[in-house]
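Letters A, B, ... are given to chains in the order of the sequence lines, protein chains preceding strands, and every chain is numbered from 1. Hydrogens, waters and symmetry mates are skipped; everything else that's a heavy atom, side chains included, is used.
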Amino acid sequence: MPELPEVETIRRHLAPRLEGRRLTTIAVHDPRWCRPLTPDAMASACEGRRIERLDRRGKYFVVVLEDEAFLLMHLRMTGTLLYDAAAGTPHRRVTFSLDDAHEVAFCDPRRFGTGELALGAEALRAFFAPRLGIEPLAGALTGPALREMARGRRGPIKAFLLDQRHVAGVGNIYADEALHRAGVHPLRPAGSLRPRQYAMLAQAVTAALQAGLDAGGATLDDFRHPDGVRGGFQHEFLVHLRRGQPCGTCGTTIVKFVAGGRGTYACERCQPRPRVRRGPITAGR
DNA sequence: CGCCCTGTTGGGGA
DNA sequence: ATCCCCAACAGGGC
């Protein structure tokens with residue numbers, strides 16, 4: 001489950017190995033990867049171009065190619081990018097060959113990962129504008145910014161956090177983690193928090209992602225191992241919210257429920273349930 | 001052994 | 001605005 005810290009960690013490892021190299025060939029083994037673009041169209045647009053930078057926006061990789069061609073990749077749940085993967089590495093979807101005889105493989109057991117193409121700076125902007133909001137690691141995620149975006153919204157705060165159009169890069173684990181750190185219940189209507197809570201939540205999201213990044217940078221050291229990406233990430237820096245386990249802060253049993261359509265873990269002592277709830281009246285719990 | 005449920009992100013439709 | 005379902009598949013429970 002590559003979340004933002006994993007994506008950023010992979011980017012930092014790969015960037016120095018890719019930047020300045022030329023992309024000689026793109027072998028697309030699974031046409032679904034770049035749909036609706038054909039593998040031929042993807043290849044002809046990118047092959048032969050120099051890689052100027054490897055950037056990131058939210059959970060997207062942005063391979064900045066010369067002449068304003070941008071290859072956008074998303075790992076979704078199980079995708080990985082492996083530098084010089086061992087022969088026979090399973091679930092290989094794409095192979096990018098470089099002019100220095102090295103290669104990068106896009107591997108993805110569940111085949112959800114995607115590759116897209118933006119030609120020109122305007123096309124790049126137009127791709128991200130309707131999809132991604134504030135970059136949380138760029139220092140722009142503040143209490144007032146969060147409060148302003150959430151104003152008037154009745155949906156649960158967790159669904160709001162998971163919506164990439166508001167804050168780019170918050171996944172299920174980090175949403176739970178940040179809400180726990182901020183003492184905010186996942187089902188609180190997004191617009192109903194106190195100003196102080198928006199500030200705490202903004203800080204908690206930033207801190208949780210940064211902690212993940214620190215942990216990833218420390219443990220993710222071998223990109224050539226097929227399981228390198230997944231094996232290196234243990235999420236030990238997280239509060240480790242698990243149903244039936246005691247809360248690390250107060251010892252209350254962690255409960256699981258659905259919020260924003262996702263499995264959600266919370267301590268309902270540290271994160272008090274909202275008094276009023278949406279939808280039909282139901283029995284407690 | 002095999003069936004069923006769950007988790008995971010983004011997109012699309014109701 | 002908000003909710004629900006889908007894509008594809010591993011892995012666990014029963």
Side-chain angles (χ1 to χ4, degrees), chain A residues 1-8 10 28-37 56-62 72-81 89-94 106-118 126-133 135-136 148-178 186-192 205 209 212 226-227 229-231 233-235 238 240-244 254-266 274 276-280 282:
Chain A
M1 28 177 177
E3 298 225 30
L4 187 144
E6 287 95 324
V7 174
E8 175 61 15
I10 292 169
V28 179
H29 317 298
D30 176 10
R32 187 183 310 238
W33 175 74
C34 55
R35 236 173 25 179
L37 220 58
R56 177 192 59 77
R57 265 291 272 141
K59 298 173 200 168
Y60 286 88
F61 291 103
V62 182
L72 313 175
M73 291 188 282
H74 198 297
L75 301 178
R76 293 292 190 108
M77 294 184 290
T78 54
T80 57
L81 287 177
T89 298
H91 312 301
R92 186 185 286 240
R93 304 295 166 209
V94 191
F106 190 122
C107 298
D108 186 6
R110 298 191 194 181
R111 301 171 68 197
F112 270 27
T114 55
E116 314 210 31
L117 187 65
F127 180 86
F128 284 131
R131 289 177 170 85
L132 299 182
E135 276 293 330
E148 175 59 29
M149 289 189 293
R151 176 175 295 168
R153 298 187 180 270
R154 308 294 302 164
I157 185 66
K158 176 161 178 184
F160 174 86
L161 286 179
L162 291 175
D163 189 332
Q164 306 293 296
R165 293 171 295 185
H166 304 129
V167 183
V170 180
N172 200 33
I173 292 172
Y174 287 90
D176 281 359
E177 174 73 12
L187 291 178
R188 284 279 296 278
S192 74
V205 168
L209 290 170
D227 299 324
V229 174
R230 243 190 281 173
F233 252 86
Q234 302 302 329
H235 294 293
L238 297 174
H240 224 69
L241 297 163
R242 279 177 49 196
R243 171 161 51 182
I254 298 294
V255 294
K256 180 182 183 184
F257 50 95
V258 174
R262 307 291 233 280
T264 299
Y265 298 87
V276 290
R277 270 185 285 154
R278 298 166 302 107
T282 58

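One interatomic measurement links the two molecules: NZ of A:K158 to P of B:dT9, which rounds to 9 Å at whole-angstrom precision. If you take CG of A:D108 and C1' of B:dG10, they are 14 Å apart, rounded to a whole angstrom. For the pair A:L161 CG and B:dT9 C1', the computed distance is 15 Å after rounding to whole Å. In this structure, A:N172 atom CG and B:dT6 atom P are separated by 15 Å, rounded to whole Å. Spacing between atom CG of A:D163 and atom P of B:dT9 amounts to 13 Å, rounded to whole angstrom units. Atoms CZ (A:R76) and P (C:dC9) sit 14 Å apart, rounded to a whole Å. Regarding A:F112, its CZ atom lies at a distance of 16 Å from the P atom of B:dT6, rounded to whole Å. Between A:E6 atom CD and B:dT9 atom P the separation is 10 Å, expressed in whole Å.
Qualifying ring pair (Phe, Tyr, Trp, His ring centres under 6.0 Å) partners for A:F61, counting only residues two or more places apart in sequence or in other chains: none.
Distance alone, capped at 3.5 Å, is enough to place a donor-acceptor pair between the A:R56 side chain and the A:G58 backbone. Side chain of A:E8 to backbone of A:P5: no donor-acceptor contact under 3.5 angstrom is found.
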Protein N or O to nucleotides 4-6 of chain C N or O, pairs below 3.5 Å:
none

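Between A:D30 and the options A:R35, A:R111, A:R110, a salt bridge (Lys or Arg N to Asp or Glu O under 4.0 Å) holds for only A:R111.
In terms of position on DNA chain C, the residue among A:R165 and A:R35 whose nearest nucleotide sits closer to the 5' end is A:R165. Where A:G152 and A:R93 meet DNA chain C, the nucleotide closest to each residue was compared, and A:G152 sits on the side nearer the 5' end.
Residue A:R111 places at least one side-chain N or O closer than 4.0 Å to OP1 or OP2 of C:dC9. Side-chain nitrogen and oxygen atoms of A:R131 include none within less than 4.0 Å of the OP1 or OP2 phosphate oxygen of B:dG10. Within the structure, every side-chain polar atom (N or O) of A:H74 is placed at least 4.0 Å from both OP1 and OP2 of B:dT9. At the phosphate of B:dT9, OP1 or OP2 sits under 4.0 Å from a side-chain N or O atom of A:R262. The side chain of A:Q164 places an N or O atom within less than 4.0 Å of a non-bridging phosphate oxygen (OP1 or OP2) of B:dG10.
Closest contact between the side chain of A:R154 and the listed nucleotides C:dA7, C:dC3, C:dT2 involves C:dT2. Among B:dG10, B:dT9, C:dC9, the nucleotide with an atom closest to any side-chain atom of A:Y60 is B:dG10. Closest to the side chain of A:H91, out of C:dA7, C:dT2, C:dA10, is C:dA10. Among the nucleotides C:dT2, C:dA7, C:dA10, the one closest to any side-chain atom of A:R110 is C:dA10.
Listed by first and then second residue, the salt bridge (charged side-chain N to carboxylate O under 4.0 Å, His left out) pairs involving residues 157-174 of chain A are A:K158-A:D176, A:D163-A:R165 (not counting sequence neighbours).
Taking the six-membered ring where tryptophan is involved, the planes of A:H166 and A:F160 are essentially parallel, since the angle between them stays under 30° and well short of 60°.
Contact of the A:D108 side chain with the A:L75 side chain is not registered, since no non-hydrogen atoms from C-beta on lie closer than 4.5 Å. Side-chain contact between A:L132 and A:Q164 is present, with at least one heavy-atom pair separated by less than 4.5 Å.
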